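Inspection log for the structure reproduced underneath, given as structure tokens.
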Protein chains: 2
Amino acid sequence: MNRVLVVDDEPQIVRALVINLKARKYEVDAASDGATALRLAAARHPDVIVLDLGLPDMDGVEVIRGIRGWTRVPILVLSARQTSDEKVEALDAGADDYVTKPFGMDELLARLRAAVRRAEPVGRPEDSVVVETDAFTVDLAAKKAHRDGRDVRLTPTEWHLLEVLVRNAGRLVSQKQLLQEVWGPSYGTESNYLRVYMAQLRRKLEADPSHPRHFVTEPGMGYRFER
Amino acid sequence: MNRVLVVDDEPQIVRALVINLKARKYEVDAASDGATALRLAAARHPDVIVLDLGLPDMDGVEVIRGIRGWTRVPILVLSARQTSDEKVEALDAGADDYVTKPFGMDELLARLRAAVRRAEPVGRPEDSVVVETDAFTVDLAAKKAHRDGRDVRLTPTEWHLLEVLVRNAGRLVSQKQLLQEVWGPSYGTESNYLRVYMAQLRRKLEADPSHPRHFVTEPGMGYRFER
DNA sequence: CGGCCTCTTGACGCCTCCCTGACGCGCGGC
DNA sequence: GCCGCGCGTCAGGGAGGCGTCAAGAGGCCG
């Protein structure tokens with residue numbers, strides 16, 4: 001199940017896209033202006049964004065830059081303008097694809113699939129998605145955590161935090177980076193969030209939560225996941 | 001410098017592409033049929049492939065599948081056929097983008113840049129900057145220091161100081177420069193800070209802290225990190 | 001509408017880190 | 001030989017960061 005963010009100020013276009021996407025088992029969020037789009041992109045972490053360039057409140061290219069400032073999520077631009085310059089500008093700003101209106105729904109969906117597909121993590125045989133420690137097991141793909149032979153339930157925020165840490169296994173991840181990746185680009189100083197959620201992760205996964213061996217604090221710098 | 005493989009059976013198209021690509025500092029290989037394309041893709045490992053679907057010897061979609069069998073290199077399809085079905089088929093076979101002829105060169109190049117850009121590595125664990133001496137190892141990216149088989153814990157200020165010294169390995173770094181880089185531009189004379197923190201670094205990293213071999217004092221001038 | 005699950009926020013005690021001052025040592029100049 | 005200067009070392013105190021708990025706010029589902 002993939003999540004899509006649709007951004008367009010024409011309600012009928014949004015409606016058509018939402019219907020078609022939901023029929024194909026996508027989760028869909030919708031925004032009709034740039035500010036909402038940026039907010040939803042940060043809050044919902046879509047797997048792909050369909051973005052109309054002609055928005056009422058801000059330039060579409062600025063929206064692209066705003067998103068690219070903190071994530072590489074695929075952006076599929078939808079636009080009525082067909083000039084080469086517009087396309088080049090949007091693509092160089094960070095868009096992944098550019099489709100001109102009117103568009104064929106089948107083609108758009110195929111381009112969407114292509115964008116999602118190539119954004120998938122490189123599933124090289126050697127680097128399994130399952131990470132094991134002596135205390136617990138994490139399967140990032142299946143979104144499952146095991147400990148002592150039973151499943152551990154994690155909330156969405158806990159998962160997100162765990163994911164960032166595990167993907168950077170062995171490396172220090174700064175507080176700012178964690179906050180921005182999990183809570184969105186407008187966060188960066190709210191380290192109290194981190195303290196609370198790190199405590200949750202430790203309580204749920206560490207054998208001895210008060211003496212963490214895998215979720216290590218580096219005072220003043222950040223956190224590190226050690227296998 | 002990126003390598004491009006151009007596949008098309010029309011010589012004038014190939015020529016136009018090759019000229020434009022070379023002018024933009026791409027390395028270019030060219031093929032005029034599917035078999036050659038597959039061979040060159042394997043032999044030269046291009047960073048991106050521009051593929052015309054209308055080839056004399058085999059179906060373009062088969063070429064895509066042949067390439068996708070072993071690599072995720074971006075494939076930008078070029079085709080005279082504009083029907084939606086063709087596009088969907090090519091994209092679902094593994095193409096990354098689909099441009100119909102006649103095409104604008106600027107747009108094609110922008111799409112090429114987009115394809116190359118998103119294929120760039122995100123930040124593999126391999127790209128860490130590791131500095132080794134006979135006594136200890138420092139990984140600047142992971143913020144990890146190693147000595148005698150164990151991890152060494154460094155505080156943020158210690159890391160910062162170490163980083164400046166290591167980045168200027170072999171060169172003398174003046175006290176003023178160190179103070180300003182680590183403590184901020186308003187510092188410059190507080191050399192007592194340096195004495196304290198250099199002592200910490202030596203105590204934590206040098207084999208014989210009282211006779212430093214890697215963190216050398218240049219009296220009256222500054223400090224130098226020697227590998 | 002009510003209950004449940006998250007997320008957010010605040011308070012409190014503990015621990016770490018940074019700064020500071022004191023002292024010892026070696027070196028060069030007076 | 002004495003003194004001044006720069007550097008290395010050590011220990012203590014203050015400030016801020018961190019872990020923990022608990023309560024309130026908000027959204028989702030029955």
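Chain A is the first sequence line, chain B the second, and so forth, proteins listed ahead of strands; every chain is numbered from 1. Here the structure is a predicted model, which means the values were calculated and not measured.
- Going from atom CG of B:L161 over to atom C1' of C:dC17 covers 15 Å, rounded to whole Å.
- Contact annotation: B:Y223 side-chain N/O to D:dG6 OP1/OP2 distance is not under 4.0 Å.
- Side chain of B:R202, nearest nucleotide from C:dC18, D:dG8, D:dT20: D:dG8.
- Ring pair A:H160/A:H45 is perpendicular by interplanar angle, where above 60° counts as perpendicular and below 30° as parallel.
- OP1 or OP2 of C:dC17 has at least one side-chain nitrogen or oxygen of B:R153 nearer than 4.0 Å.
- Distances from the side chain of A:P219 to the nucleotides C:dT16, D:dG8, C:dC7 place C:dT16 closest.
- Relative to the side chain of A:Y197, the nucleotides C:dT8, D:dC7, D:dT9 differ in distance, and C:dT8 lies closest.
- Here A:T157 reaches the OP1 or OP2 of C:dC7: one of its side-chain N or O atoms lies under 4.0 Å away.
- Residue A:Y193 places no side-chain N or O under 4.0 Å from the OP1 or OP2 atom of C:dC7.
- Classified by interplanar angle (parallel below 30°, tilted 30° to 60°, perpendicular above 60°), the ring pair B:F225/B:F136 is tilted.
- Between the side chains of A:Q12 and A:R15, no donor-acceptor pair is found at a separation under 3.5 Å.
- The side chain of B:V196 has C:dT20 as its nearest neighbour among C:dT20, D:dC21, C:dC7.
- If you measure from atom CE of A:M221 to atom P of C:dC15, you get 20 Å, rounded to the nearest angstrom.
- Here A:Q175 lies in heavy-atom contact (under 4.0 Å) with sugar-phosphate atoms only.
- Of the two residues contacting DNA chain C, namely A:Q200 and A:R195, the nearest-nucleotide position lying further toward the 5' end is that of A:Q200.
- B:E218 comes within contact range of no nucleotide atom at all, as no heavy-atom separation falls under 4.0 Å.
- For A:D33 and A:R39, the salt-bridge test fails: no basic side-chain N is under 4.0 Å from an acidic carboxylate O.
- Salt-bridge check for B:K143 with A:E218: failed, with every basic side-chain N at 4.0 Å or more from each acidic carboxylate O.
- Taking atom CD of residue A:E158 and atom C1' of nucleotide C:dT8, one finds them 14 Å apart after rounding to whole Å.
- Note on B:T155: every side-chain N or O is 4.0 Å or more away from OP1 and OP2 of C:dC17.
- Counting to the nearest Å, the P atom of D:dC7 and the CG atom of B:L179 are 11 Å from each other.
- If you check C:dT9, D:dG19, D:dT9 against the side chain of A:N192, the one that comes closest is C:dT9.
- Taking atom NZ of residue A:K204 and atom C1' of nucleotide C:dC5, one finds them 10 Å apart after rounding to whole Å.
- For C:dC18, the OP1/OP2 oxygens have no side-chain nitrogen or oxygen of B:W183 closer than 4.0 Å.
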